[in-house]
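As structure tokens, the structure follows; a few thoughts come after it.
Labels below follow one simple rule: chain letters A, B, ... track the order of the sequence lines, proteins then strands, and each chain is numbered from 1.
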2 protein chains.
Amino acid sequence: MAARTIGGPCQAWPEESGFIREVLDRIGDKWTVLVISTLAGEPMRYSDLQASIPGISQRMLTVTLKALERDGLLSRTAYPEIPPRVEYELTALGRSLLDSVMALAAWAATHHEDVAASRRAHERTGVGREKTRSAAPDTAPAR
Amino acid sequence: MAARTIGGPCQAWPEESGFIREVLDRIGDKWTVLVISTLAGEPMRYSDLQASIPGISQRMLTVTLKALERDGLLSRTAYPEIPPRVEYELTALGRSLLDSVMALAAWAATHHEDVAASRRAHERTGVGREKTRSAAPDTAPAR
DNA sequence: CCGGATCCTTATCGATACTG
DNA sequence: CAGTATCGATAAGGATCCGG
């Protein structure tokens, strides 16, 4: 343990950390949150999903969908008609997750410019410098 | 609550989706959130960080720290002493992100049992069906 | 004590082809 | 229309050596 002489050794949460990793392993991939957010409004068919998510392949859509279904985040309903029709819909659990994910999205919407500014500052100063280097609020759009 | 818009034919939020991916690309990796949460309490030295995060390698710690510093989520302060001392500390931006991340952790803590239950149910009902694993006799790792 | 640079292993993703 | 199966490219992650 680190327990240095400063402040209180109230570091780490042995339990929460594990949960963070757990949920991040679920939604941390490239498509999961996109599928969930696309499905937020109303049930959708496989084809609609693929059309609504530019760039996703059948394989990735199928894999993501099955994983989400397995975890109870969405429900899959197949109608034995011709042509076959399958609809995917978020469950209550899935919607609750979406809610938390939206919090992250809100953070990004609020702070992404700060992040971009810091990144530009580091590019200019040569990254390796120590702190005490408060970069000017460069709002330049370029890049 | 999740995004309402229920009943509306219009799908998703074209903008939020992009922000979600943006933040997920930052923290979606294996170690970023662990570093952030470990650093939540007080500033820590490189060695302390490594000791507090079981399983992380020097390389991954260095890479993660530099990325976080570049994005302005933490500050790095080097003291020119002997032996050298370097301390890492979350910035206000980093703490605000941690707050959102904690929301996700809270979701996981609340619902991880539901997820586990769904997963077991699917194993029983045969959703996963047969793995068809034995179908490939020679699947040699030709690589 | 801090952490950069290199090499290697392995999970993940994308494209294509095929089936019900 | 709704998937499934296989292959190859890529890069994240891990181990280790080396320098400051």
Distance below 4.0 Å between B:Lys30 side-chain N/O and C:dA11 OP1 or OP2: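 Checking C:dA11 against B:Lys30, no side-chain N or O comes under 4.0 Å of OP1 or OP2.
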Have a look at [X] and say if it touches a base, only the backbone sugar-phosphate, or nothing, with a 4.0 Å heavy-atom cut-off.
{"X": "A:Thr62", "answer": "base"}
{"X": "A:Tyr88", "answer": "sugar-phosphate"}
{"X": "A:Arg45", "answer": "sugar-phosphate"}

Mind calculating the distance between [atom1] ([X]) and [atom2] ([N]) to the nearest angstrom?
{"X": "B:Ile56", "N": "D:dA12", "atom1": "CD1", "atom2": "P", "value": "15 Å"}
{"X": "B:Gln58", "N": "D:dT16", "atom1": "CD", "atom2": "C1'", "value": "9 Å"}
{"X": "A:Leu49", "N": "D:dC1", "atom1": "CG", "atom2": "P", "value": "14 Å"}
{"X": "B:Met60", "N": "C:dC8", "atom1": "CE", "atom2": "C1'", "value": "13 Å"}
{"X": "A:Gln50", "N": "D:dC1", "atom1": "CD", "atom2": "C1'", "value": "11 Å"}
{"X": "B:Tyr79", "N": "C:dG3", "atom1": "OH", "atom2": "C1'", "value": "18 Å"}
{"X": "A:Glu69", "N": "D:dG3", "atom1": "CD", "atom2": "P", "value": "9 Å"}
{"X": "A:Leu34", "N": "C:dC13", "atom1": "CG", "atom2": "P", "value": "12 Å"}

Stepwise side-chain contact (heavy atoms from CB on, under 4.5 Å) check, B:Leu90 with B:Leu68: CA-CA 9 Å; B:Leu90 280 186; B:Leu68 288 172; over 6 Å; no
Candidates [options] - which lies nearest the side chain of [X]:
{"X": "B:Val86", "options": "D:dG20, D:dA2, C:dG3", "answer": "C:dG3"}
{"X": "A:Lys66", "options": "C:dC1, C:dC13, D:dT4", "answer": "D:dT4"}
{"X": "B:Arg59", "options": "D:dG13, D:dA5, D:dC1", "answer": "D:dG13"}

Contact summary for B:Ala103 and A:Ser100, nearest pair of heavy atoms: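 So the minimum-distance heavy-atom pair works out to O-OG, 3.8 Å.
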Minimum heavy-atom distance B:Leu39-B:Met44, with the two atoms named: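 That closest heavy-atom pairing would be CD1-CB, 3.7 Å.
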Given DNA chain C, 5'-ward residue of the pair A:Trp31 and A:Pro84, judged by closest heavy atom: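 Whichever sits nearer the 5' end wins; that is A:Trp31.
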Salt-bridge criterion met for A:Arg95 and A:Asp99 (N-O under 4.0 Å):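 Salt bridge: no.
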Any donor-acceptor N or O pair under 3.5 Å, side chains A:Thr77, A:Tyr88: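 No pair is found: no donor N or O on one side chain lies under 3.5 Å from an acceptor on the other.
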